[in-house]
Amino acid sequence: MELRIFYDGNCPLCSAEMRQLKARDPNNLIALEDLNASDFSERFSHIDKDYANTILHGETATGEVLLGLDVTCKAWALTGTRAWIQLLRLPVIKTVADWCYLRFAKHRYRISYLLTGKARCDDNCQIPTRRR
């Protein structure tokens with residue numbers, strides 16, 4: 001595992017992106033952890049669940065915590081796909097992209113409803129995770 005992503009499994013858009021990531025991760029470099037798992041706080045006491053629900057959190061194999069679009073960019077880089085996402089980290093674009101991401105994260109349930117007709121997931125939206 002190179003990157004562990006702490007995502008909101010209740011968000012249809014978040015879950016869809018995690019499914020896409022895992023579909024492109026044949027070497028299992030990315031581990032997914034749903035913030036809503038009943039034992040989340042026990043297993044990841046170093047991650048503030050409330051804060052992680054406001055901005056995407058990731059953790060590298062070395063223990064470095066990444067936030068927001070840094071997680072997204074690292075994850076897609078590990079899959080070797082969607083190289084254009086790295087443009088979001090360019091100095092000129094980064095500030096605007098991060099601002100837009102925070103607005104998206106804050107309103108993700110409304111945006112999910114507008115795009116999918118579903119504000120929150122039920123059980124069929126969950127992603128099976130492999131624990132090692």
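Since the model is a prediction, treat every value here as computed from it, not as a measurement. These values consider heavy atoms only, across backbone and side chains, with no hydrogens, waters or symmetry-generated copies.
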> State which residues pass side-chain contact (heavy atoms from CB on, under 4.5 Å) with Phe40; sequence neighbours excluded, sorted by chain then number.
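Checked Phe40 against side-chain contact (heavy atoms from CB on, under 4.5 Å); matches are Phe6, Glu33, Leu35, Ala37, Phe44, Ile47, Lys49.
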> With sequence neighbours excluded, give me every ring pair (Phe, Tyr, Trp, His ring centres under 6.0 Å) pair touching residues 45-72.
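Applying ring pair (Phe, Tyr, Trp, His ring centres under 6.0 Å) to every pair that reaches into residues 45-72, excluding sequence neighbours, yields Tyr51-His57.
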> For the residue pair Leu88 and Cys73, what are the closest heavy atoms and their distance?
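That would be CB-SG, 4.4 Å.
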> Rounded at 0.5 Å granularity, tell me how far CG in Leu67 sits from CG in Leu102.
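Answer for the CG-CG pair, Leu67 versus Leu102, is 9.5 Å.
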> Could you go step by step and tell me if Leu3 and Glu59 meet the side-chain contact (heavy atoms from CB on, under 4.5 Å) rule?
CA-CA 6 Å; Leu3 179 67; Glu59 183 177 34; 5.8 Å; no
> What about Phe104 and Tyr113, same hydrophobic cluster or not, with Ile/Leu/Val/Met/Phe/Trp/Tyr joined at side-chain heavy-atom distances under 4.5 Å?
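No, Phe104 does not connect to Tyr113 through the hydrophobic network.
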> Holding to side-chain contact (heavy atoms from CB on, under 4.5 Å), I want the full list of residues that pass it with Leu114, two or more places apart in sequence or in another chain.
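Counting only residues at least two positions away or on another chain, Leu114 forms no side-chain contact (heavy atoms from CB on, under 4.5 Å).
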> Could you measure the distance from the CG atom of Leu78 to the CG atom of Leu29? Nearest 0.5 Å is fine.
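Between atom CG of Leu78 and atom CG of Leu29 there are 5.5 Å.
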> What about Tyr109 and Tyr7, same hydrophobic cluster or not, with Ile/Leu/Val/Met/Phe/Trp/Tyr joined at side-chain heavy-atom distances under 4.5 Å?
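No, Tyr109 and Tyr7 fall in different hydrophobic clusters.
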> To the nearest 0.5 Å, how far apart are CG in Leu66 and CG in Leu56?
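CG of Leu56 is found 9.5 Å from CG of Leu66.
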> Scan for ring pair (Phe, Tyr, Trp, His ring centres under 6.0 Å) pairs involving residues 69-99, sequence neighbours excluded, and state none if there are none.
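Qualifying pairs, neighbours excluded: none.
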> To the nearest 0.5 Å, what is the distance between NZ (Lys22) and CD1 (Ile30)?
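So the NZ of Lys22 and the CD1 of Ile30 are separated by 6.5 Å.
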> Return the set of residues passing salt bridge (Lys or Arg N to Asp or Glu O under 4.0 Å) with Arg89 (not counting sequence neighbours), or none when no residue passes.
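Once residues adjacent in sequence are excluded, the partners of Arg89 under the salt bridge (Lys or Arg N to Asp or Glu O under 4.0 Å) criterion are Asp70, Asp98.
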> Test of understanding: with side chain to side chain donor-acceptor pair (under 3.5 Å), list the residues that count as partners of Thr72, not counting sequence neighbours.
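Partners of Thr72 by the side chain to side chain donor-acceptor pair (under 3.5 Å) criterion come out as none, since no residue qualifies.
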> When rounded to the nearest 0.5 angstrom, what distance separates CZ in Arg19 from CG in Leu21?
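Spacing of CZ (Arg19) from CG (Leu21) equals 11.5 Å.
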> Quick one: closest heavy-atom pair of Asn36 and Asp34, and the distance?
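Closest heavy-atom pair between Asn36 and Asp34: N-OD1, 2.8 Å.
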> Can you pull the salt bridge (Lys or Arg N to Asp or Glu O under 4.0 Å) pairs that have at least one residue in residues 99-116, sequence neighbours excluded?
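Output for this query lists Asp8-Arg108.
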> Given the rule in the side-chain contact (heavy atoms from CB on, under 4.5 Å) test, do Glu42 and Asp39 qualify, once you have shown the distances and angles that lead to the verdict?
CA-CA 5 Å; Glu42 291 171 20; Asp39 62 346; 4.0 Å; yes
> Distance-only, no hydrogens or angles: does the Ser15 side chain make a donor-acceptor pair with backbone N or O of Cys11 under 3.5 Å?
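Looks like yes, one N/O pair under 3.5 Å.
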> With salt bridge (Lys or Arg N to Asp or Glu O under 4.0 Å) as the rule and sequence neighbours excluded, what pairs involving residues 77-88 come up?
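Residue pairs with at least one partner in residues 77-88: there are none.
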> For the hydrophobic clusters of this structure (ILVMFWY residues joined by side-chain heavy atoms under 4.5 Å, transitively), does one cluster hold both Ile85 and Leu90?
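Linked within one cluster.
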> Under the rule for side-chain contact (heavy atoms from CB on, under 4.5 Å), what residues qualify as partners of Thr62, not counting sequence neighbours?
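Result, side-chain contact (heavy atoms from CB on, under 4.5 Å) vs Thr62: Thr60, Glu64.
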> Tell me, please, which residues at least two apart from Thr116 pass side-chain contact (heavy atoms from CB on, under 4.5 Å).
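Thr116 satisfies side-chain contact (heavy atoms from CB on, under 4.5 Å) with Pro12, Leu13, Ser112, Lys118 only.
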> Measuring from Asn27:CG to Thr79:OG1, what's the distance to the nearest 0.5 Å?
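With rounding to 0.5 Å, CG (Asn27) is 11.0 Å from OG1 (Thr79).
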